[in-house]
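Protein chains get the first letters and strands the later ones, always in sequence-line order, with residue 1 at the start of each.
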Amino acid sequence: MTHDQTQPRDQARQGFDRTSGCGGLTTKDVGREVSLAGWVHRRRDHGGLIFIDLRDRSGLVQLVFNPAKNPEAHRAADGLRSEFVVAARGKVILRDPAQVNPKLPTGEVEVLPSVVEVLNESLTPPIYVAETADTPPVDEPTRLHYRYLDLRRPRMQRNISLRHQVTMAVRTFLDRHGFLEIETPMLTRSTPEGARDYLVPSRVNPGRFYALPQSPQLFKQLLMVSGFERYFQVVRCFRDEDLRADRQPEFTQIDVEMSFVEQEDVLRLMEDLVAEVYEKALGRRLTRPFPRMTWHQAMADYGSDKPDLRLGMKFVDLTEAVRGSGFRVFAEAVAAGGQVKAVVAPGAASFSRKDIDGLGEFVKTHGAKGLAWMAFEAAPAGGGPAGGDQLAEVRSPIAKFFPPEALADLRARLGAGPGDLALFVADQPAVVAAALGALRLELGRRLDLIDRTADRFLWVTDFPMFEFSQEEDRWVAMHHPFTAIRDGDLPLLKSDPGAVRAKAYDLVQNGVELGGGSIRIHRRDVQERVFDALGLTPEEAREKFGFLLEAFEYGTPPHGGIAFGLDRMVMLMAGAETIRDVIAFPKTTSASDLLTGAPSTVSPRQLAELGLAPSRSE
RNA sequence: GGAGACGUGGUGUAGCUGGUCUAACAUAUGUGCCUGUCACGCACAAGAUCGCGGGUUCGAAUCCCGUCGUCUCCGCCA
């Protein structure tokens, strides 16, 4: 608000204070004298008449320059080019009915400027800001390098604005429900569990490091100990791991924690939150309540802890049916304690041998050793008197291992009709889940079986508390080590850690993990037992988490919470393919920022001050 | 750490079974013409030595090796 009044530009702008946004002008404004300012979106020069589409954040409006009516303004318009910054004052007039543009919200009116001023010129932009269906999409490195131009595109303006709507709706909802937004440190302590930390050297404490938070997990729990009862934060989190389309090194969480709640309270309230956000930001009503599924069920039926329910193709478990079968691959997998499961791809019996071999290669990248298949060919049209349901034949390299009645039994279990293709994976349960789960999604894409208009939410509950890490040769927390254990599973902690279920839950939307949380341990003795199960000695536990254990001795209320991935949530709402499209300044998959050039080298002096010496430099 | 795809005028692609490729198309840009367009139209022009380095060859955008960058996936991450 405190612009420097001595700036020459401000002087030049005298008399150009904007009266309205371009995109909001309607027939109600006809006759008004308006002052607009914005960017030249497009220029159409008819020799005589010049049309300029003037764009600001609110949208577009057409300016018309008529040399006969206002030669001076027309001359000024002659020099305008794409992305010039312009102020214009003129009268809003009604368009002739024949000249109305129904594609524009402002298409019934136009502005007849009397004065135009170029506030700034622009080079020819390397990005098509005024993109249309036939301007080629600009590739991502260019977009990231000129991000400020990329963000001018209407599509990106919508995404970023949607993101704002979402965070506003979140804050409004949580405020109304008694949550306090409390900031937590960005320079904090490195913790051993979980992702790799981003480290920040301490100048005043040479040789020591802060870590940027992977999440404010411990702080929000401490805030519960402090008695704030309901906390939230829209907070940046950092994880130094390899990136994906939906993973950035820094990302934003909607972080929530509540005291005196059980799992059910959290799920209900958070479901209300998500529903309200959708309603406010997109005007869309969600189907409630969200369905729920245990982790075991999700893994058994979809091979994933975040199943995409827009797609059918549940797994069919054939382990018992093929036990001792003549097909040794199946029989041996079952004998070794493995499983045989299948998915049925509707209408895919027409896949060529080459297509199917390609699918075989695909499952191999997900750990399977191979892919068995049976194509149930449809009988030719108008075939026998039995009608179209008749199978012409079963095309399959493995059919010969099954007698006709076994084949019929398999087909019945698969529920495969004519024209369907069944694909089998036989292996240990984890491999079957990974391979068949990935295959299911791949087939859904290839066969276009995913309903893109649907939003399928799902709560996944009862996650295992631990999973075994081959790499570290010990049990590690699947969620995090502060997660409470389901009532009754506590005795299993020592005897069978793999069977212990946690009070942990994820919210999944369309196969994307939107958020996850848990009820936390609030007693020191229980927390110590979990650390013990994780292989942390009491000394290590005290060294790493002493402050938490200590806090737990001063009256910690039962508490729990959740954190949503804001970037992913907005991505799905915006229909974007990657969270990079809903983050103003994202990084590449190698975690660099193409706009600023970060990360960069620093001067030897900076390093010396920090007491650092690079062991390797480029 | 691993696998794959891509890198050619400002932008996006084609060319890539080696030779009239003296690099094509679209779009953007410039100039001229055009008074109702809105993806304006028409004409003309300018603009790339094909990411970078090396090799094979009489000859490389094209083949090979290396390297850099971007993207997708596995591992990793919740």
Side-chain angles (χ1 to χ4, degrees), chain A residues 41-53 60-69 74 81-83 95-96 98-104 106-107 110 123-146 149 193-197 214-215 217 237-249 251 253 305-306 361-367 434-435 438 441-442 460 463 467 469-471 476-480 483 504-508 512-518 562-565 568 577-578 580 587-590 592 594 618:
Chain A
H41 192 67
R42 212 183 288 279
R43 172 173 172 275
R44 293 176 293 280
D45 183 350
H46 286 245
L49 288 177
I50 294 174
F51 300 96
I52 299 286
D53 290 335
L60 293 180
V61 72
Q62 174 168 277
L63 312 182
V64 187
F65 296 90
N66 190 328
K69 292 186 180 158
H74 182 267
R81 293 296 180 270
S82 287
E83 300 307 314
R95 291 198 195 187
D96 205 86
Q99 292 156 9
V100 165
N101 182 355
K103 286 184 238 165
L104 276 184
T106 59
E110 58 197 9
L123 297 174
T124 300
I127 301 252
Y128 296 101
V129 176
E131 62 185 340
T132 65
D134 89 337
T135 41
V138 174
D139 80 344
E140 232 177 313
T142 310
R143 290 177 54 199
L144 292 175
H145 185 256
Y146 299 99
L149 291 178
E193 299 281 320
R196 206 174 283 123
D197 286 318
Q214 298 175 25
S215 84
Q217 183 60 38
C237 303
F238 304 85
R239 290 177 190 163
D240 187 6
E241 296 293 345
D242 287 349
L243 309 183
R244 290 284 192 283
D246 62 352
R247 270 162 38 187
Q248 283 273 303
F251 60 99
Q253 283 191 346
D305 59 2
K306 45 180 166 53
E361 288 307 308
F362 177 81
V363 295
K364 280 182 190 164
T365 69
H366 292 268
L441 294 176
E442 176 66 14
V460 178
F463 278 68
E467 60 188 333
S469 165
Q470 301 290 345
E471 198 181 321
V476 295
M478 200 168 192
H479 187 62
H480 55 57
T483 305
Y505 34 82
D506 274 3
L507 181 62
V508 174
V512 175
E513 181 198 328
L514 258 200
S518 62
I562 195 166
F564 295 102
R568 289 181 185 175
E577 300 280 328
T578 153
R580 292 187 300 273
K587 293 182 175 55
T588 69
T589 45
S590 49
S592 57
L594 262 25
E618 311 298 312

Does A/Pro126 reach the side chain of A/Leu149, with side-chain heavy atoms less than 4.5 Å apart?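 Yes, their side chains come closer than 4.5 Å.
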
Side-chain touch A/Pro249/A/Leu243, heavy atoms, less than 4.5 angstrom: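 Side-chain contact under 4.5 Å: yes.
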
Please measure how far the [atom1] atom in [N] lies from the corresponding atom in [M], and state the result in whole Å.
N      : M      : atom1 : value
B/rA78 : B/rG2  : C1'   : 22 Å
B/rC50 : B/rG7  : C1'   : 10 Å
B/rC76 : B/rC63 : P     : 36 Å
B/rG51 : B/rC6  : P     : 13 Å
B/rG18 : B/rU57 : P     : 16 Å
B/rA23 : B/rU67 : P     : 33 Å
B/rG36 : B/rA46 : C1'   : 31 Å
B/rG55 : B/rA60 : C1'   : 11 Å

From B/rG36, B/rU31, B/rU35, nucleotide with atom closest to A/Arg81 side chain: B/rU31

With the side chain of A/Pro137 defined as its heavy atoms from C-beta on, choose the nearest nucleotide among B/rG12, B/rU29, B/rU35. B/rG12

Under 3.5 Å, is there an N or O donor on one side and an acceptor on the other linking the side chain of A/Gln62 and the base of B/rU37? yes

Any donor-acceptor pair under 3.5 Å joining the side chain of A/Glu361 to the base of B/rG4? no

Determine the contact category for [X]: base if any of its heavy atoms lies under 4.0 Å from a base atom, sugar-phosphate if only primed atoms, P, OP1 or OP2 are that close, otherwise nothing.
X        : value
A/Asp240 : nothing
A/Ala130 : nothing
A/Ser82  : sugar-phosphate
A/Glu110 : base

Under the side-chain hydrogen bond (donor to acceptor under 3.5 Å, both in side chains) test, residues paired with A/Lys306 that sit two or more places apart: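 With neighbours one apart ignored, the set is empty.
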
Could you pull out all residues at least two apart from A/Arg143 that satisfy side-chain hydrogen bond (donor to acceptor under 3.5 Å, both in side chains)? A/Asp150, A/Asp581

[X]: which residues meet the side-chain contact (heavy atoms from CB on, under 4.5 Å) condition with it, sequence neighbours left out?
X        : value
A/His74  : A/Ile50, A/Phe65, A/Pro67
A/Ser469 : A/Glu471, A/Glu472, A/Val476
A/Gln214 : A/Ala195, A/Asp197, A/Arg239

For atom [atom1] of [X] and atom [atom2] of [N], their distance in whole Å:
X       : N      : atom1 : atom2 : answer
A/Lys69 : B/rG36 : NZ    : P     : 13 Å
A/Arg43 : B/rA28 : CZ    : C1'   : 14 Å
A/Arg42 : B/rU29 : CZ    : C1'   : 14 Å
A/Phe51 : B/rC40 : CZ    : P     : 11 Å

Under a 3.5 Å limit for both distances, which nucleotide forms a Watson-Crick or G-U wobble pair with [N], could you say?
N      : answer
B/rG75 : none
B/rG41 : B/rC33
B/rG19 : B/rC58
B/rA24 : B/rU13

Can you name the ring pair (Phe, Tyr, Trp, His ring centres under 6.0 Å) partners of A/His479, sequence neighbours left out? none

For A/His41, all residues meeting ring pair (Phe, Tyr, Trp, His ring centres under 6.0 Å), sequence neighbours excluded: none

Distances under 3.5 Å between nitrogen or oxygen atoms of protein and nucleotides 5-10 of chain B:
residue, atom, partner, partner atom, Å
B/rG10, N2, A/Tyr128, OH, 2.5

Please determine if a side-chain N or O atom of A/Arg44 lies less than 4.0 Å away from the OP1 or OP2 oxygen of B/rC40.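 Result: yes.
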
Pi stacking test for A/His46 and B/rC40: under 5.5 Å apart, planes under 30°: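 Yes; by the centre-distance and plane-angle rule, A/His46 counts as stacking on B/rC40.
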
Verify salt bridge (charged side-chain N to carboxylate O under 4.0 Å, His left out) between A/Arg44 and A/Asp53, making sure each step is shown before the conclusion. CA-CA 8 Å; A/Arg44 293 176 293 280; A/Asp53 290 335; 2.9 Å; yes

Protein-proximity profile, nucleotides 70-78 of chain B, B/S/- by nucleotide at the 4.0 Å heavy-atom cutoff, equals SBSSBBBBB

